[in-house]
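Note that the structure is predicted; figures quoted are calculated from it, not measured.
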Protein chains: 2
Amino acid sequence: MAATMKDIARLTGLSLATISKYLNGGHVLPANQQAIDQAIHQLGYTVNSVARSLKTRRSMTIGVLIPHLENVFSTSIISELEDKLHQIGYSTIICDYHHDPALEAEKLGFLTDRQIDGLVMMPLSGCREALAKLKERQIPVVLIDRPVEGLDCDAVLVKNRKASFQAVSRLAEAGHERIAVICGPQGVYTADERLYGYKDALTHYRIKIDEDLIQYGHYDTESGYTLTARLLDRQKPPTAVFVTNHEMTYGAVLAVHERDLLMPDQLSLIGFDHQLLNQVLRPKLAVVMQPLKQIGHTVAELLLNRLTGRDHQCPAQVRYLDAVWQNGGSYGPLS
Amino acid sequence: MAATMKDIARLTGLSLATISKYLNGGHVLPANQQAIDQAIHQLGYTVNSVARSLKTRRSMTIGVLIPHLENVFSTSIISELEDKLHQIGYSTIICDYHHDPALEAEKLGFLTDRQIDGLVMMPLSGCREALAKLKERQIPVVLIDRPVEGLDCDAVLVKNRKASFQAVSRLAEAGHERIAVICGPQGVYTADERLYGYKDALTHYRIKIDEDLIQYGHYDTESGYTLTARLLDRQKPPTAVFVTNHEMTYGAVLAVHERDLLMPDQLSLIGFDHQLLNQVLRPKLAVVMQPLKQIGHTVAELLLNRLTGRDHQCPAQVRYLDAVWQNGGSYGPLS
DNA sequence: ATAACAAGGTGAAACGTTTCGCTTTGTGAT
DNA sequence: ATCACAAAGCGAAACGTTTCACCTTGTTAT
């Protein structure tokens with residue numbers, strides 16, 4: 001139905017080779033140029049990129065595999081990434097694995113069948129072997145947020161430990177000693193790192209580490225709420241709480257509001273990643289913010305280096321980005 | 001590099017046709033079946049879907065074009081949609097046009113070049129002609145959120161007018177007469193509809209429509225904040241405010257918090273689409289919620305009807321979905 | 001005049017599948 | 001034995017591009 005190069009050839013009397021050359025930026029005689037343009041217009045021709053991909057062996061498509069689309073962390077990065085990739089002609093196939101390792105593996109397989117030229121992934125289980133196979137086939141992979149154990153692979157990570165250290169340090173400097181932390185599941189890379197940062201800070205300020213003040217959640221609103229509530233309802237509650245991800249911060253704020261505690265007088269709170277929520281909260285929440293746009297940007301950069309062959313065979317590159325501190329009135333000196 | 005069917009043919013001694021048949025679910029002798037499976041495993045063969053697409057003339061790909069990825073409204077719908085489509089073998093190419101009509105047109109072209117089998121779009125300018133051309137080529141298009149004028153096309157819309165009417169009715173029933181509305185830009189479909197609903201309700205309750213209480217924003221946090229602030233700082237402020245989208249609701253809440261106004265005693269507020277924010281606000285905000293999952297689901301359904309040819313040539317289908325009322329303590333009777 | 005060369009153009013072979021029409025083989029009924 | 005028929009397999013032609021090696025022309029330097 002749709003017009004093909006053959007139709008243009010017929011209309012202009014030129015050969016396929018010439019038309020292809022012109023379409024790909026080659027030189028042809030001005031008269032022919034005009035004839036081709038005219039034919040294209042008349043036929044409403046657009047290139048069939050499937051055929052092109054088959055021949056060139058490049059799909060000009062990047063797979064993106066993330067835990068969940070309804071999540072500012074992912075979408076903010078992807079929005080940036082999609083833009084950068086689009087600018088140089090790549091499209092992005094996005095797959096959401098709903099935090100499910102089985103789906104993660106399944107959709108990864110789906111993407112590789114699709115002949116993607118590159119993959120960007122926020123791993124959960126990791127699929128180490130599948131990824132290794134991709135790399136063997138020279139398909140670049142860039143990981144976000146967490147590395148995959150035992151896989152030597154480009155990645156863009158945030159300096160979680162340092163960010164955590166700095167946030168908790170601020171609480172310590174304000175005089176707090178009973179500082180609680182709501183962290184993610186043990187064994188999850190970012191959760192472990194953020195917890196280390198917390199411990200680093202306490203050690204640095206010679207505050208004894210009290211295991212009772214360390215609460216392990218599931219990085220979701222629910223556990224943020226429950227764990228914070230449990231802490232606040234104790235006989236001797238902490239005077240400060242550091243919450244280590246976006247979702248749990250929601251939960252923590254809710255628990256605080258519910259108890260009508262005033263920040264920072266009755267409780268100091270530092271959260272994670274909350275630009276949106278922060279537009280409406282009073283006092284403004286002090287938060288550690290991951291540099292989402294910069295992550296997207298850096299991912300694109302690493303990917304392009306590989307795709308354009310500039311870094312064809314060099315060793316894996318891992319970029320560590322600094323988190324951004326956003327101040328707010330939700331913490332302060334002990335009163 | 002990667003193995004092809006030819007390699008399997010060589011290894012098994014069978015012909016391409018037989019292998020293709022088996023791969024697509026046809027019957028072959030048990031012995032051959034085993035031989036093929038064994039060869040596939042040994043070679044690590046996976047089908048090249050680019051080649052398949054070229055031959056079958058179906059890319060098994062759906063284009064998704066939205067104003068902005070960092071937006072719960074879009075991503076929630078897309079997450080659902082991506083899932084449904086994936087289940088039957090389709091992948092989704094997502095393009096974000098950053099609320100820019102030029103990019104909208106450009107990325108639409110990009111998608112059509114990619115030989116998409118279908119398109120899901122939240123239109124801004126609409127690109128009526130490009131869409132009409134797609135439909136001519138029998139490529140199904142499903143619109144979300146707003147129709148495109150002059151284009152007869154499948155769409156999934158929300159009953160905005162009705163939802164708005166009901167929300168404002170609640171305010172009226174609570175005794176309010178000075179009810180303000182923060183609406184979107186004039187001329188934008190959803191904004192107009194929601195404003196009609198507001199007016200419908202006032203008329204129904206015999207409240208005089210006061211143009212001064214109708215504020216036109218840009219559907220962003222900034223204007224939600226500014227317009228609400230302006231209303232509240234008047235000599236004679238409204239006693240109730242209805243805010244008609246997600247972003248502007250953020251702004252409105254901020255303005256209210258800033259002025260330390262207690263809801264519902266000093267002000268009644270009804271917002272739009274706020275499940276997340278609502279997890280932390282006290283009192284809980286009463287909101288009109290668009291049924292995002294249901295929208296995603298319905299879009300998938302319409303699309304599939306077309307793709308599977310069930311609805312091959314029948315007229316455009318428009319589905320109108322009901323918004324969901326979520327109660328909250330942010331509004332109440334006049335005190 | 002002629003050799004050397006650049007510029008523009010061409011035919012045909014790929015890329016990895018699917019599919020059409022045909023042949024071969026095996027089975028059971030006559 | 002023969003025939004009819006179903007099942008399984010096969011060869012070859014597509015799908016719409018790109019690209020290689022080659023050809024034709026026209027220009028310039030000698």
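Comparing B/Ser15 and B/Ala51 by the nucleotide of DNA chain D whose heavy atom lies nearest to each, the residue mapping closer to the 5' end is B/Ser15.
In this structure, the CG atom of B/Asp113 is 13 Å from the C1' atom of D/dT17, given to the nearest Å. Between A/His27 atom NE2 and C/dT10 atom P the separation is 17 Å, expressed in whole Å. Computed from coordinates, the B/Ile40 CD1 to C/dT17 P distance equals 11 Å when rounded to whole Å. Regarding B/Ile8, its CD1 atom lies at a distance of 14 Å from the C1' atom of C/dT18, rounded to whole Å. Across the protein-nucleic acid pair, A/Gln34 atom CD and C/dG8 atom P stand 16 Å apart, rounded to whole Å. Per the geometry, NZ belonging to A/Lys6 stands 8 Å off C1' belonging to D/dC15, to the nearest Å.
Contact check, B/Tyr22 against D/dC10: no side-chain N or O comes under 4.0 Å of OP1 or OP2. For the OP1/OP2 pair of D/dA14 and a distance below 4.0 Å, the side-chain nitrogens and oxygens of B/Arg57 include no atom meeting the criterion.
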Between protein and nucleotides 18-22 of chain D, what N or O pairs are separated by less than 3.5 Å?
unit_1	atom_1	unit_2	atom_2	d
D/dT18	OP1	A/Asn24	OD1	3.4
D/dT18	OP1	A/Asn24	ND2	3.3
D/dT18	OP1	A/Arg52	NE	2.7
D/dT18	OP1	A/Arg52	NH2	3.2
D/dT18	OP2	A/Ser20	OG	2.7
D/dT18	OP2	A/Asn24	ND2	3.3

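Taking the side-chain hydrogen bond (donor to acceptor under 3.5 Å, both in side chains) definition, one finds that A/His297 meets it with nothing, sequence neighbours left out. By the side-chain hydrogen bond (donor to acceptor under 3.5 Å, both in side chains) test, A/Lys135 pairs with no residue at all, sequence neighbours left out. Under the side chain to side chain contact (heavy atoms under 4.5 Å, CB included) criterion, B/Ala51 pairs with A/Leu54, B/Asn48, not counting sequence neighbours. For B/His86, the side chain to side chain contact (heavy atoms under 4.5 Å, CB included) test picks out A/Glu106, A/Lys107, A/Phe110, B/Glu82, with sequence neighbours left out.
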Quick one: side chains of residues 122-133 of chain A, donor-acceptor pairs under 3.5 Å with protein atoms, not counting sequence neighbours, listed by atom name and distance.
unit_1	atom_1	unit_2	atom_2	d
A/Ser125	OG	A/Glu104	OE1	3.0
A/Ser125	OG	A/Cys127	N	3.4
A/Arg128	NH1	A/Glu149	O	3.4

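The residue B/Leu29 sits close only to the backbone: its heavy atoms come under 4.0 Å of sugar-phosphate atoms, none of a base.
Contact record, A/Ile8 with A/Ala39: CG2-CB, 4.0 Å, taken as the closest heavy-atom pair.
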